[in-house]
Number of protein chains: 2
Amino acid sequence: SSGSFNAAAKNTAVEVLTAKGCTVEVSDLYAMGFKVSATAEDIKGKVMNADNFCYMKETKLAWEQGKLSDDITKEQSKLAEADLIIFQFPMYWFGVPAILKGWIDRVLTNGFAFSEEKRYSQGIFKDKKAMLSFTTGSLESMFSPTGINGDINVTLWPLQNGTLYYCGFQVLAPQIFWAPASAAAEDRKSMLERWSTRLQGLLEEKGLSFSPWDCFDEGFPFEG
Amino acid sequence: SSGSFNAAAKNTAVEVLTAKGCTVEVSDLYAMGFKVSATAEDIKGKVMNADNFCYMKETKLAWEQGKLSDDITKEQSKLAEADLIIFQFPMYWFGVPAILKGWIDRVLTNGFAFSEEKRYSQGIFKDKKAMLSFTTGSLESMFSPTGINGDINVTLWPLQNGTLYYCGFQVLAPQIFWAPASAAAEDRKSMLERWSTRLQGLLEEKGLSFSPWDCFDEGFPFEG
């Protein structure tokens, strides 16, 4: 919502990046009433197999034939144009809110965002950068390697490796706002100031390191 | 969908557990048209702060006051009655499909499913069992510790530790159906037979091991 810390973090990014000369597009999923569930309605016209509907296969074909629903196509066009994507969200249950998972499930179509040959270091988006920017409810110490929630890098693996790097993105280090709701107003302000400072040099940052595709067998079973 | 492998796995569980004398309730989220996004509409009547709407705080209060929407309350009643919950799903992007993440985000309300004092080994649902049962697109070798997708246990951490164990559930070992879509019909059949066999003794299984609450400092910062 407009008064939230996440909205402030988003506004900071829009302001700093715009001032640096970037063209910034915002997809505010709640405001857009973004459809969340992956269903047969995401495909225009008849599906191949309604009784044993396989979303990935059906949407791959629909993408090839230009039959994906307009809301998906629109997000895919924005993504195709982008050099850097920032996912701004409050962490819900050790992951993204369902509406953002819906964006991931629906927009990152097989064929558009990855293929059997084009994944990880060979991924389709290897010339683009992406990053997570999020707020937590927990304090940083709880997400340390010896903390009760475990290492934050483990929690982020499905998103950073399994989603972003899977599509080839250079994954910038996450911007983590630790428990802003339990912080004093001045601490929240300095969190945003540090974000603003980081944004100044964000486009020059290098991606995190992941094991590249060629560390693994070319064919199955892809073991290192 | 009704002809999918996931439907077959669900039907197998319903049949075997019913035959053992269990009362089985199924929440088929797609068939229910389950609302996915966490929004202010989940609360009956006025919210506390519409401009800086904090879902967790608002729904905690709504739960205390009996003002959560009927679809959430209904799922919470089923959960309160259950001894064992099986989450059956196709893995999408190293996690649950958005519609199931929506169930997690909306049904596991602060107060109902956890509180500051009642989490992890002290969790509200510590007398209940829960487990993940899912299909993958990837082969098992890709999700091995040396595989390109990384150890499946890392990928499951946000769900098994961060969600189920967080609420106190005894988390049974996951039932993983590796890449049934690329398997031969007879292999799919034997996957279901092994599931059927496991289901016979499922209620007697013990939960996986997680670090209990008392391994960590009582107060913040919860470091081990």
Side-chain angles (χ1 to χ4, degrees), chain A residues 1-4 29-30 34 36-39 49-57 90 92-106 108 119-120 137-142 144 146-150 154-155 157-159 161-163 166 181 211 213 215-216 220-224, chain B residues 1-4 29-30 34 36-39 49-57 90 92-106 108 119-120 137-142 144 146-150 154-155 157-159 161-163 166 181 211 213 215-216 220-224:
Chain A
S1 56
S2 60
S4 70
L29 301 183
Y30 288 109
F34 192 73
V36 186
S37 300
T39 67
N49 188 341
D51 287 339
N52 184 6
F53 179 76
C54 173
Y55 188 79
M56 190 167 75
K57 285 183 194 164
Y92 279 8
W93 288 107
F94 286 51
V96 294
I99 196 167
L100 181 47
K101 185 57 165 57
W103 187 97
I104 291 169
D105 289 351
R106 297 179 65 236
L108 301 180
R119 289 183 289 179
Y120 289 118
S138 298
L139 299 177
E140 184 169 10
S141 55
M142 295 168 75
S144 76
T146 55
I148 196 165
N149 294 344
V154 171
T155 288
W157 178 260
L159 292 165
N161 181 84
T163 306
Y166 191 93
S211 303
W213 184 267
C215 286
F216 300 89
F220 291 118
F222 290 105
E223 283 193 89
Chain B
S1 55
S2 60
S4 70
L29 301 182
Y30 288 108
F34 192 74
V36 186
S37 302
T39 68
N49 188 341
D51 287 339
N52 185 6
F53 179 76
C54 174
Y55 188 79
M56 191 168 74
K57 284 183 195 164
Y92 279 8
W93 289 108
F94 286 52
V96 295
I99 196 167
L100 181 48
K101 185 57 165 58
W103 187 96
I104 291 169
D105 290 351
R106 298 178 64 235
L108 300 180
R119 288 184 289 179
Y120 289 118
S138 297
L139 299 177
E140 184 170 8
S141 55
M142 297 169 74
S144 76
T146 55
I148 195 164
N149 294 344
V154 171
T155 288
W157 179 260
L159 293 165
N161 183 84
T163 306
Y166 191 94
S211 302
W213 184 267
C215 285
F216 301 88
F220 289 117
F222 290 106
E223 285 193 86

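Numbered from 1 within each chain, the chains take letters A, B, ... in sequence-line order.
- Using a 4.5 Å cut-off on side-chain heavy atoms (C-beta onward), B/Ser4 and A/Cys54 make no contact.
- The shortest side-chain heavy-atom distance between A/Tyr92 and B/Met56 does not fall under the 4.5 Å cut-off.
- Looking at A/Phe53, the atoms closer than 4.5 Å to chain B (heavy atoms on both sides) sit in the backbone and in the side chain alike.
- Proximity to chain B (any heavy atom under 4.5 Å) is shown, for A/Leu159, by neither the backbone nor the side chain.
- Closest of all the heavy-atom pairs between A/Gly162 and B/Trp93 is O-CE3, 3.4 Å.
- Side-chain contact between A/Ile99 and B/Val36: absent, with no pair of heavy atoms (C-beta onward) separated by less than 4.5 Å.
- Only the side chain of A/Asn161 comes within less than 4.5 Å of a heavy atom of chain B; its backbone N, CA, C and O stay farther away.
- Looking only at distances, a side-chain donor or acceptor of B/Trp157 sits under 3.5 Å from a matching main-chain atom of A/Asn149.
- Interface residue A/Tyr120: only side-chain heavy atoms are found under 4.5 Å from chain B.
- When side chains are defined from C-beta on, B/Trp103 counts as touching B/Leu108, because their heavy atoms get closer than 4.5 Å.
- Ranked by heavy-atom pairs under 4.5 Å with chain B, the first of A/Ala50, A/Ala98, A/Gly150 is A/Ala98.
- With a threshold of 4.5 angstrom between heavy atoms, A/Ser211 does not approach chain B through any atom at all.
- Neither the backbone nor the side chain of A/Ser138 comes within contact range of chain B; no heavy atom of the residue lies under 4.5 Å from a heavy atom of that chain.
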